[in-house]
Structure formats: structure tokens, C-alpha cells
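Before anything else, here's the structure in question.
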Amino acid sequence: MSFQTPITIAEAVEGIHTKKYLLPAIQREFVWNTHQIEQLFDSILRGYPIGSFLFWQVSPERVGDYQFYEFVRDYHEKSSRHNPKADLHGVQGLTAVLDGQQRLTSLYIGLRGSYANRTKGAWRSNDGSFPVRRLYLDLLAPDDDWDGGYNFKFLTVEERNRQPERWFRVGDVLGFEGHKDVNRYLNTRPDLVGVTFASDALFDFYEAIRVKSVMNYYLEKGQDLDKVLNIFIRVNSGGTQLSYSDLLLSVATAQWKRLDAREEITRLVDELNEIGQGFRFDRDFVLKACLVLTDLQSVVFKVTSFTRENMTLIEDSWPRIEEYLKRAVALISSFGFSGATLTSANSAIPIAYYLMKRERGQQFLDANHAAGDRATVKRWLMSALLKGTFGDQADTVLSTIRGAIADTSGDFPVDEINARLIRVNKSVRFEPEEIDVLLDAKYGQRQAFPVLALLYPSLDYRNLFHQDHIHPKSKFTAKRLQAAGIDDAEAAWLMARVNDIPNLQMLEGAPNVEKRSEEHTSELQSRQY
């Protein structure tokens, strides 16, 4: 590995644009937010070092041995978060980025791409909630909130047009071939004539992007994947920690023969998270589920669990794995759970294993003959989540439950599961004092839903239900309680408990919205009088 002649930022961005630079499957996906990108460009314009980069020169004869991906160019939080698979047809060697992906992607998005993230408070289901923004530089004043630095901001076209004299689209600097072009641009902007800050900022920015070779990088030319993986792990040991799923997904991608592991697992995660009201599963969850559902002896999340033999088994089992994971999550969704209330992702894995072992088809989700079995699964899941069964020793818990399901037949073996969990000190049985603690759950807390669902078992949770106050929270103010003849001590007691389980119920979403609207109207009317 040797240090190379530095290049300019413009050259690096061009390398991404022409697909000279690609990403190996071991790279995590792009995770930086707009503020981090803005800070990066501020550092560049101020002449601060932005760190070195590590590239891997892949020889032509080894290109086909690995999977590579392109950089994200126009990031969209909803529809374009994943790196597209690179077409390597006819490619004669390439340069893979081992360290610096987040910075390089940020540079490309800032100079040639865009960033579309959800507006705070907007509905995720509405495409208009993700306006496209591009990076601009304020030419009129420094950023007072950032230690006298430069004010870089991601703006929509509408936001930029409110003050067109202020904002310079940073990507336009790539069109400047020399200092004369910078002068010509300034001369076309009469509003900037005589503005020293604008002139200094634009000339310095041109120098930083087009002239100065600030991109220092090392180049690894070896073709041994084990060595490259070792280098990658070491250089990624700081900052955002490399997760097991990042490593294991790279192993899977390299070892699967017919399918692309990264694409398959990423797609499945997205599909699982779109079920019902939405969930928060990740790749770690899917990889862990693979170990359990294929009956591998060890479910411990470590590299040695993902041998070539095991990965072949997982690939062969993949259609059934994704089928039963989706069926399990759909079942859990029908119980009323979502990402906001499912406190343990791992709790879905035993349910998927049970459905697979018993070959429960799609009809299991709503057939009358399976109602009793579904109710058993639901009660057990509620108890396990409330008890925190999956909070620690998850591998032991999963192995124990898997053994109970595999060694029995018929309906969900809740008694056998609980008996075996007791042996490993993970009982789901509640003592009286623990029940008192459950009743201390508050409105909006994740553990409140399973408690309420147990209290209201007859509701059809395939419909959207809200947690609702039985006695409106708006009534529990010192002034109103005093007017009702309640003394200060009792009023304080009531106000402290208005969000407790005894004052909560489950109410269908539509009636609850109507109820809140009526309460709001009544509140306005009472204020008028």
C-alpha cells in the first residue's frame, strides 16, 4: 500500500461520475445527513484537512470475483437510499473505495447531486414530503452559528428563489475553467459588485475545488480479499462502527452464487418495514433470522457462523426464509404492533420459525380454524415483550425457543417454550409486583401498547387503533380541577396520573380523530365564553 499523488476534489467527483470509482460490497450504505455535508464543505472552504482516503486497485482478472456498487448520486430518503449495483460488463479494472465513502458521496451530492429528506412533521406516505434540495453557498455573509465559517445550506428551488442574490449553487463552480470565469460570474451579478466577502469566498471556493490537490489517498494494489478485508476493518475501527451485518453481508455477497445477497437482504428489509403501519427491522435482524430458520447449530452472531457451507444453506433456503419472515411480520402487524410498539425485533424470529416448521400458509393469518392458535401466539408475544425476554442473552433465548418448537408438533407450544425458558432463567411468568409495574406504563410509551392490548383482547387490531385517554387530558388542569371542587392535593395526584394505564383505552383511529376534533372545537367554544 503506497501513498499516491493527491488529486483535486473536482477530479475525484469526476471519477465517481464516470464510474472510475466504485464501492465494494463490504461498504456500508450512505448515512450522512445534510448538516454533516454542509460542515464538510465549510471545512474545505476554510482550508481544513478532510482526512485521507484509501482506494483499492482491482485488476481486470479479479473484477468478476466480487460485487461492486455505484455511489448514491441523488439521495432520496424514501426511494433512493441504496447504492445501485454496478454494471461491470466490459470493465477492464477499476478502483474501489475502502475508506472515505461517506465523504466522497457527500462531495458528489453537494457538487453534482441532490438530497431529498422528509420535512419534519410531514407524512411519510406523501411523496411531496420529500422535497429535492441542492447545496448552496451564502455569498453575502458568514455563518454566525458556525464559528465564523461559511454558510452552506441545502435548499429547494423555492427557498433559493426567496433570496436569489444571496445563494450560489456550489455545483456551478465545476463550470469555471479559470479565475476569469469567476470574474465573469461576479460581473454578471450587480448585487455582488463591491461585496468583498462574496468575491473572496467564490475565488477561494474555486481554488479549493478545482485547483488545490487536497485529496490525499493511499492505493492498495494487492488482490487478496482476506488482506483487503483486514485493511478495511482496521481503517473503519473509528467513527461510525462497522456492524456485524456490514461484514457478514459482504461475506454473503462474496459466497452466494445465484443470488446477490446484499440486494436480496436489503430488499427484504424494505419490504418488512412497509408491512402494516411500518416497522424498524434491519439487516442484523434478517441475518440473525437466517441462522435460526436454517437450523444451524450456532445462532451466535459472529463471522464463524457464516462459513461457506452455512452460506450455501442459507442461499438455498432463502425463498422460504423471506416467505415466512414476511408472514410472521404480517401476523405481528395484525396483532396491532408497529415499529413504534414492537420493543424487540428478535421476538419475530421464533414466530417465523414456528410458521415455517408447521408450514402454516397464508390462510393462517385470518382463517377461523386458526383463531385459537393465533391467540396463543399473540398472548405469548405480549408476555415476552412485557417481560423483556429478548433483552439480553438473545442467542440463548432464540436457541431455547427454537428447540421447544422443533421438538413438538401441533399448535404453538407455549407451555413447552415457557418451561424451557424457566430453565435458563428467562421465565415469562409475572409476579404480582411485576404486574403493578406494568400498570405504571405511560401514554405513548412503547410498553403501553401490549398492556392495553392484553386489557382489550377482543379488538380487531388489523384496523388502526390509537391509545386514547378515557377522561380527556385537557380536563386535568389545576384551574379546571379546582373549578370542579377538587382540592389541591387530589388535583396534583390526578394530574400526575392522567397518562397512566387506568385512564387509557384503545380506540379505532378514525373515531379517535373525530373525537379529538370535537374536543378541540369544544375547547375553542369554552374559551370564547
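Just so you know, residue 1 is the first one in the sequence shown, and it goes up from there. Computed from a predicted structure; not experimentally measured.
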(Q) If the condition is side chain to side chain donor-acceptor pair (under 3.5 Å), which residues does Asn499 pass it with, not counting sequence neighbours? (A)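 Only His469 meet the side chain to side chain donor-acceptor pair (under 3.5 Å) criterion with Asn499.
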Handout entry: Main-chain N/O of Lys326 paired with Glu271 side-chain donor or acceptor, under 3.5 Å
Key =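 No, the answer is negative, given that no donor and acceptor are paired below the 3.5 Å cut-off.
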Who are the side chain to side chain contact (heavy atoms under 4.5 Å, CB included) partners of Ala96, not counting sequence neighbours?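 In terms of side chain to side chain contact (heavy atoms under 4.5 Å, CB included), with neighbours along the sequence ignored, Ala96 is linked to Pro24, Trp56, Val58, Phe68, Leu94.
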Using the test salt bridge (charged side-chain N to carboxylate O under 4.0 Å, His left out), find all partners of Arg133 that sit at least two apart in sequence or belong to another chain.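 In terms of salt bridge (charged side-chain N to carboxylate O under 4.0 Å, His left out), with neighbours along the sequence ignored, Arg133 is linked to Glu159.
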TODO: If a pair satisfies salt bridge (Lys or Arg N to Asp or Glu O under 4.0 Å) and one of its residues is in residues 339-352, list it, with sequence neighbours excluded.
DONE: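 Pairs touching residues 339-352 that pass the test: none.
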Taking every non-hydrogen atom, the tightest pair across Ile50 and Arg103: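 Taking Ile50 first and Arg103 second, the nearest heavy atoms are O-NH1, 2.7 Å.
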So Phe30 and Arg81, do their side chains get closer than 4.5 Å, heavy atoms only? no
Taken in chain and number order and not counting sequence neighbours, the residues that satisfy side chain to side chain contact (heavy atoms under 4.5 Å, CB included) with Val132 are Ser114, Ala116
Sorted by chain and number, sequence neighbours left out, salt bridge (charged side-chain N to carboxylate O under 4.0 Å, His left out) with Arg118 holds for none
* Name all residues meeting the salt bridge (charged side-chain N to carboxylate O under 4.0 Å, His left out) criterion together with Glu274; count only those two or more places apart in sequence or in a different chain, and write none if there are none. =>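 Salt bridge (charged side-chain N to carboxylate O under 4.0 Å, His left out) list for Glu274, sorted by chain: empty.
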Problem - Non-neighbouring partners of Asn33 that pass side chain to side chain contact (heavy atoms under 4.5 Å, CB included), sequence neighbours left out - result: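 With neighbours one apart ignored, the set is His35, Gln36, Tyr115.
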task: Would you please name every residue forming a salt bridge (charged side-chain N to carboxylate O under 4.0 Å, His left out) with Glu263, sequence neighbours left out?
output: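 For Glu263, no residue satisfies salt bridge (charged side-chain N to carboxylate O under 4.0 Å, His left out) once neighbours in sequence are set aside.
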Sequence neighbours excluded, the answer for side chain to side chain contact (heavy atoms under 4.5 Å, CB included) partners of Asp282 is Asp284, Phe285
task = Assert yes or no for the condition that the ring centre distance of Phe71 to Tyr21 is strictly below 6.0 Å.
result =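 Here the rings of Tyr21 and Phe71 have centres that are no less than 6.0 Å from each other.
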Note to self: For a quick check under 3.5 Å, do Tyr324 and Arg360 share a side-chain donor-acceptor pair by atom type?
What the structure shows: no
Give the table of side-chain donor-acceptor pairs shorter than 3.5 Å for residues 287-298, with sequence neighbours excluded, one pair per line with atom names and distance.
unit_1	atom_1	unit_2	atom_2	d
Lys288	NZ	Val299	O	2.6
Lys288	NZ	Asp395	OD1	2.4
Thr294	OG1	Cys290	O	2.5
Asp295	OD1	Tyr353	OH	2.6
Asp295	OD2	Lys357	NZ	3.0
Ser298	OG	Val300	N	3.2

Apply side chain to side chain donor-acceptor pair (under 3.5 Å) to Glu77 and list each qualifying residue two or more places apart in sequence or on a separate chain.
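Expected list: none.
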